[in-house]
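In what follows, a structure is listed as structure tokens, so that the remarks can point back to it.
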Amino acid sequence: MSGAILYLNRWPLYEDERRWENRLAAPEIVFDPETDRVTYVCDEGGRAGVPADAERVHVVRDFGDLDAVLALVDAVVRDEGPFDHVIGFSEMLLDLAATLRERYRVPGATPEETSRFRDKTVMKETVSRAGLRVPRWAPCRTEAQMLAAAEEFGYPVIVKPVRGASSQGVREIASAGELRALCAERSLHDLEVEEFVRGEILHVDGVLDAGGKPLFLCTSRYVSTCLDFELQGEPLGSVLQTDPAVRGRCEDFALKCLTALGLRGSAFHLELFDTGDELVFLEVGARVPGAEVPYVIHDVHGVNLFRLWVDVLLGRPVEPPVTDPDLGGGWLIVPGPRPLPQRVTAATSLLGDVPYVYRELVPRAGEVLVSRPGSYATLQGGRFLFRGGTQEQIERAVRQARARYRLTTEPVA
């Protein structure tokens, strides 16, 4: 028996069969009805991701209202008894899950352990102490501190929230004047300033067992960057790396970082810079990667990272997946036009036109694109998955898709 599970969910599932987001994390896939007694705590959006026949479902108005969530879970524990596991897949629920584990004495990642993967200053300090290269950074509380750090690092600098995700709130600052303007427009209590590192950005994704050993590892190279997607409206994607030298170098570095951070029994998404001379840690999340990454990994390698993570968390017997590192794949997301909302008048299908595209989510004429900050895996201007070719062929196909895709829209009155 896996025991009693408290599952926190803010992700919906869609009846529209075109849409694949969140399906790999569906409770029917990651949990076993024969052994897992699951109690769901969800918000209104996440209610659509709970099985229709689930018996123990509790809805909160806002996961950010900690007092209300604790009051609800206190009542659930009184009525249903204690939990053996607390699970939440969303980056935005990791802190809450850790708080609940501590409050109810449930095994798993504690708030202190979770902070190493949520607080960007803590994670860089921890990795740096292990002798691994990280960007120079400084937590700043005043304009004078911010300006002094930027002067030391040299412009441009990156200013980002200490706790955040999906490049929300991240800014590239080119001058002291621009930095002063930023300081004037918002509070600095949750920001850090960071050295701008020039180089390509890669990500290493996988799952570690309870002892911190890798069960699965996969390296990809970004096409464009998350920051350019968020700020400039550039298409975003990545391509699986099949070169054994690249994979070995990046995965060895990633495992050193994860060992320094003490990660065990978890999925992870670690980003790093390759400057050509060295690898530099960027940041890491103790979760399954976002955007299209888990879907390409599943469709190319047959590995469901959500299910593998849950198997580890619940202590199920796990055999490391046997995969072929030479298999190629990738993905591309084209953002919607700005400003949103916009109504789609026409969009180009690339299936059968661009090689290696095997699935797409292209908005239909009449659909309205709306802003969903920080959410890559939703209805965007266009989403495309690639597989079947070599790394070089997939890279060419991604570039071809960027060049050929056309989306026309009109403002919503």
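Note that these values count all heavy atoms, side chains included, but never hydrogens, waters or copies made by symmetry. Source: prediction; values computed, not measured.
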Shortest non-hydrogen pair, P325 vs T242, comes out as O-CG2, 3.4 Å
If every non-hydrogen atom of T409 is compared with every non-hydrogen atom of P337, which pair is closest and at what distance? OG1-CG, 3.2 Å
Is there a side-chain contact between I29 and F306 in this structure, where contact means two heavy atoms from C-beta onward sitting under 4.5 Å apart? no
Closer than 4.0 angstrom, basic N to acidic O: yes or no for R221 and E395? no
Side chains of V50 and P27 in contact at under 4.5 Å (non-hydrogen atoms): no
Output every pair passing side chain to side chain donor-acceptor pair (under 3.5 Å) with a member in residues 300-315, not counting sequence neighbours, ordered by first then second residue. R307-D311, D311-R316
Do V334 and F384 make a side-chain contact, defined as non-hydrogen atoms from C-beta onward lying under 4.5 Å apart? yes
Salt-bridge criterion met for R19 and E367 (N-O under 4.0 Å): no
G199 and F273 have their tightest heavy-atom pair at O-CD2, 4.4 Å
With sequence neighbours left out, what residues match T219 under side chain to side chain contact (heavy atoms under 4.5 Å, CB included)? L202, V204, Q241, R247, C250, E251
Side chains of Y222 and E271: donor-acceptor distance under 3.5 Å anywhere? yes
Run the ring pair (Phe, Tyr, Trp, His ring centres under 6.0 Å) test against Y356 and tell me which residues pass, sequence neighbours left out. none
Minimum heavy-atom distance between P214 and L255, given as atom pair plus value: CG-CD1, 4.1 Å
Non-hydrogen side-chain atoms of H269 and D205 separated by less than 4.5 Å: yes
So, using side chain to side chain contact (heavy atoms under 4.5 Å, CB included) as the criterion, who are the partners of L72 when residues are at least two apart? V41, H58, V60, V76
Is R133 paired with E195 through a side-chain N to carboxylate O contact shorter than 4.0 Å? yes
With L215 as reference, evaluate V312, V303, L305 under the side-chain contact (heavy atoms from CB on, under 4.5 Å) test and give the passing residue. V312
Would you say that I87 contacts V38 through its side chain, given a criterion of any heavy-atom pair below 4.5 Å between the two side chains? no
Results of side-chain hydrogen bond (donor to acceptor under 3.5 Å, both in side chains) for E113 - residues two or more places apart only: T110
Charged N to carboxylate O under 4.0 angstrom, R118 versus E91? yes
Could you tell me whether R383 and E21 make a salt bridge, using a distance below 4.0 angstrom between a side-chain N and a carboxylate O? yes
Basic-acidic side-chain contact under 4.0 Å: R402, E234: yes
Note: K124 and V134 closest approach over all heavy atoms is O-CG1, 4.0 Å
For V30 and L24, the nearest pair of non-hydrogen atoms, with its separation, is CG1-O, 3.6 Å
Any side-chain heavy-atom pair from T348 and D353 closer than 4.5 angstrom? no
Find the distance between NE2 (H85) and CG (L313) and round it off to the nearest 0.5 Å. 8.0 Å
Assert yes or no for the condition that the ring centre distance of Y7 to F89 is strictly below 6.0 Å. yes
Carboxylate-amine/guanidinium proximity below 4.0 Å for E125 and R129: yes
Hydrogens and angles aside, do S90 and R10 bring a side-chain donor and acceptor to less than 3.5 Å of each other? yes
Under 3.5 Å, sequence neighbours excluded: what are the donor-acceptor pairs made by side chains of residues 358-365?
unit_1, atom_1, unit_2, atom_2, d
Y358, OH, D299, OD2, 2.7
R359, NH2, E17, O, 3.4
E360, OE1, L350, N, 2.8
E360, OE1, L351, N, 3.4
E360, OE2, S349, OG, 2.6

